[in-house]
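Not measured: the values here are computed from a predicted model.
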Amino acid sequence: HTESRPRASAGCTSADPSSPVIIAQRLLKAHERLVGSPLYLASPSLRENVTWQRQGRADILVHEELDAILSEPTPAVLSTVFQITSDDFFLTSDGGYRGPTRFHPSLAEVKPTCTGTIPPLDPFRTDFARALDNLRWLQDQIATPTFHLKRGVLVERPHQSPKLKVCHVLFEVNTCSDSASQPTLPPEWSLDHWPVSSDAARAELAAIKDAGQLDIVPLPAYNVEGNLIRPQDYRTALMGAIVEVHFTLTHWTISARASEEPADVYVADIQYMRVLVPP
């Protein structure tokens, strides 16, 4: 299940979502749904269902069955479950932007990110190792033979558990033709009320509003009850949570520059996120 654009609310409220019994039932229900998907990252059949396709200067992972039907490559939407870590958490309403940097020259180019590690509860705890194996295999299928460095979606550091890194595109070009077909969200999800946490971000957000060329894209993240999480609540609602996340995968080849060696870079863009166990 994926959501193309956020909605304000959905579903119903559980009487006690923190009950161990309710949590176990919720995890089992989610697992039963995900294991039936050919794009579940831990699925033994995942490798048979996806392939890399060139699109412009990048490669995108596509669902082979859909790719055979559609006239142009359509990204495969993979799914997995992990626990969002407190370190490397930048999945906030401004991605922690404090001013221009080499990787984020402007607020408009910021991609809020977070990392997820092995969830502490079964059945997803057992699945995580297989998900990592499949991810490594996917990377290897498109990796540049002469490159030694892989960056992006898979974070592996000495003496730490492996983590998956996902990101969110915060701004998109404003296309009037699309606006009429998109659901209207409450004002707090609009550019006029979007929260940022630094003077630099506030100044650039004001300039973005004045230019009128970009729209804000709320993170498609939902709480246990199925309600869209407010931008000011991203940190408290998501950091430490066990979440179901759906994402696309893109590969870029980055040439050597200055003192840096060339690298294969993999980007996982969030399409949908649902809290299964709150922080």
Side-chain donor or acceptor of Asn223 paired with backbone N/O of Asn227 under 3.5 Å: yes
Interatomic spacing from CG in Leu238 to CG in Asp233 - rounded to 0.5 Å: 9.5 Å
Please answer whether the main-chain N or O of Tyr97 pairs with a side-chain N or O of Ser198 as donor and acceptor at a distance below 3.5 Å. yes
Please tell me whether Ile142 and Trp252 are part of a single hydrophobic cluster in this structure, the criterion being side-chain heavy atoms less than 4.5 Å apart. no
If you group Ile, Leu, Val, Met, Phe, Trp and Tyr by side-chain heavy-atom gaps below 4.5 Å, do Val265 and Val166 land in one group? no
Main-chain N/O of Ala241 paired with Gln83 side-chain donor or acceptor, under 3.5 Å: no
Is there side-chain contact between His63 and Pro38, with at least one heavy-atom pair below 4.5 Å? yes
The reported gap from CG in Leu164 to OG1 in Thr117 (rounded to nearest 0.5 angstrom) is 8.0 Å
Do the side-chain N and O atoms of His31 and Asp127 include a donor-acceptor pair separated by under 3.5 angstrom? yes
In terms of side-chain heavy atoms, does Glu48 have a donor or acceptor partner in Ser45 at a distance below 3.5 Å? no
Please check if any side-chain donor atom of Asp264 sits under 3.5 Å from a side-chain acceptor atom of His251, or the reverse. yes
Would you call Asp88-Lys163 a salt bridge at under 4.0 Å N-O? yes
Can you check whether Leu276 reaches Val224 side chain to side chain, under 4.5 Å on heavy atoms? no
Stepwise side chain to side chain contact (heavy atoms under 4.5 Å, CB included) test for Ile60 and Leu249: CA-CA 6 Å; Ile60 61 172; Leu249 200 57; over 6 Å; no
Does Trp194 reach the side chain of Pro231, with side-chain heavy atoms less than 4.5 Å apart? yes
Atom of Val50, atom of Glu64 and distance for their closest heavy-atom approach: C-CG, 3.8 Å
Does a side chain donor of either Ser43 or Arg130 reach within less than 3.5 Å of an acceptor in the other side chain? no
I'd like to know whether Ile229 forms a side chain to side chain contact (heavy atoms under 4.5 Å, CB included) with Val275, so could you lay out the CA-CA distance, the side-chain angles of the two residues, the decisive distance to 0.1 Å, and finally the verdict. CA-CA 10 Å; Ile229 297 170; Val275 174; 4.3 Å; yes
Hey, does Leu138 have a side-chain heavy atom less than 4.5 Å from the side chain of Leu46? yes
Name the one of Lys29, Arg274, Arg26, Arg33 that satisfies salt bridge (Lys or Arg N to Asp or Glu O under 4.0 Å) with Glu244? Arg33
Would you confirm whether Gln160, through its side chain, and Glu156, through its main-chain N or O, come within 3.5 Å as a donor-acceptor pair? no
Given the side-chain rings of Phe82 and Phe124, with only the six-membered ring counted for Trp, is the space between their centroids under 6.0 Å? no
With the threshold set at 4.0 Å, does a side-chain nitrogen-carboxylate oxygen contact exist between Lys150 and Glu261? no
Nearest non-hydrogen partners of Pro162 and Arg136, listed with the distance: CG-NH2, 4.1 Å
Closest approach of Arg125 and Pro120, non-hydrogen atoms and distance? NH1-O, 2.8 Å
Check whether Leu219 and Trp189 end up in the same hydrophobic cluster, where Ile, Leu, Val, Met, Phe, Trp and Tyr are linked by side-chain heavy atoms less than 4.5 Å apart. yes
May I ask you to check whether over 12 heavy atoms, not counting those of Gln213, lie within 6.0 Å of atom CD? no
Nearest-0.5 Å distance that lies between atom CZ in Arg202 and atom CG in Leu107: 11.5 Å
Let me know which of Leu34, Leu39, Leu78, Leu41 forms a side-chain contact (heavy atoms from CB on, under 4.5 Å) with His246. Leu34
With clusters defined by side-chain heavy atoms of hydrophobic residues (ILVMFWY) lying less than 4.5 Å apart, directly or transitively, does Val155 cluster with Ile84? no
So does Lys209 pair up with Glu204, basic N to acidic O under 4.0 Å? no
Donor + acceptor pair across side chains of Thr85, Thr115 (<3.5 Å): yes
Is the shortest heavy-atom distance from the side chain of Arg235 to the side chain of Phe89 under 4.5 Å? yes
How long is the span from the CE atom in Met239 to the CG atom in Asp87, to the nearest 0.5 Å? 10.0 Å
When you measure from the side chain of Asp94 to the backbone N and O of Ser197, does any donor-acceptor pair fall under 3.5 Å? yes
When every non-hydrogen atom of Val277 is compared with those of Leu27, the smallest separation belongs to CG2-CD2, 4.1 Å
Flag the pair Arg151 / Val267 as yes when at least one side-chain heavy-atom distance between them is below 4.5 Å, and no otherwise. no
Close side-chain approach of Thr248 and Gln271, heavy atoms under 4.5 Å: yes
Please check if Leu28 and Leu121 belong to a single hydrophobic cluster, counting links between Ile, Leu, Val, Met, Phe, Trp and Tyr side chain heavy atoms closer than 4.5 Å. no
Please step through side chain to side chain contact (heavy atoms under 4.5 Å, CB included) for the pair Arg47 and Asn49, ending with a clear verdict. CA-CA 6 Å; Arg47 303 180 187 188; Asn49 288 291; over 6 Å; no
Closest non-hydrogen atoms of Ser93 and Tyr234, given as atom of the first, atom of the second and distance, are N-CD1, 3.7 Å
Has the side chain of Thr144 got a donor or acceptor atom that lies under 3.5 Å from a matching backbone atom of Phe147? no
Pairwise distance OG1(Thr113) to CG(Asp269) - rounded to 0.5 angstrom: 11.5 Å
Does Ile270 form a side chain to side chain contact (heavy atoms under 4.5 Å, CB included) with Leu91? I'd like the steps, not just the answer. CA-CA 11 Å; Ile270 299 168; Leu91 198 61; 4.1 Å; yes
Side chains of Val217 and Val169, heavy atoms from C-beta outward: is any pair under 4.5 Å? no
For Thr80 and Phe247 the tightest heavy-atom approach is CG2-CE2, 4.0 Å
Could you grab the distance from atom CG of Leu228 to atom CD of Glu188, nearest 0.5 Å is fine? 9.0 Å
Does a salt bridge link Asp199 with Arg98, judged by any charged N lying under 4.0 Å from a carboxylate O? no
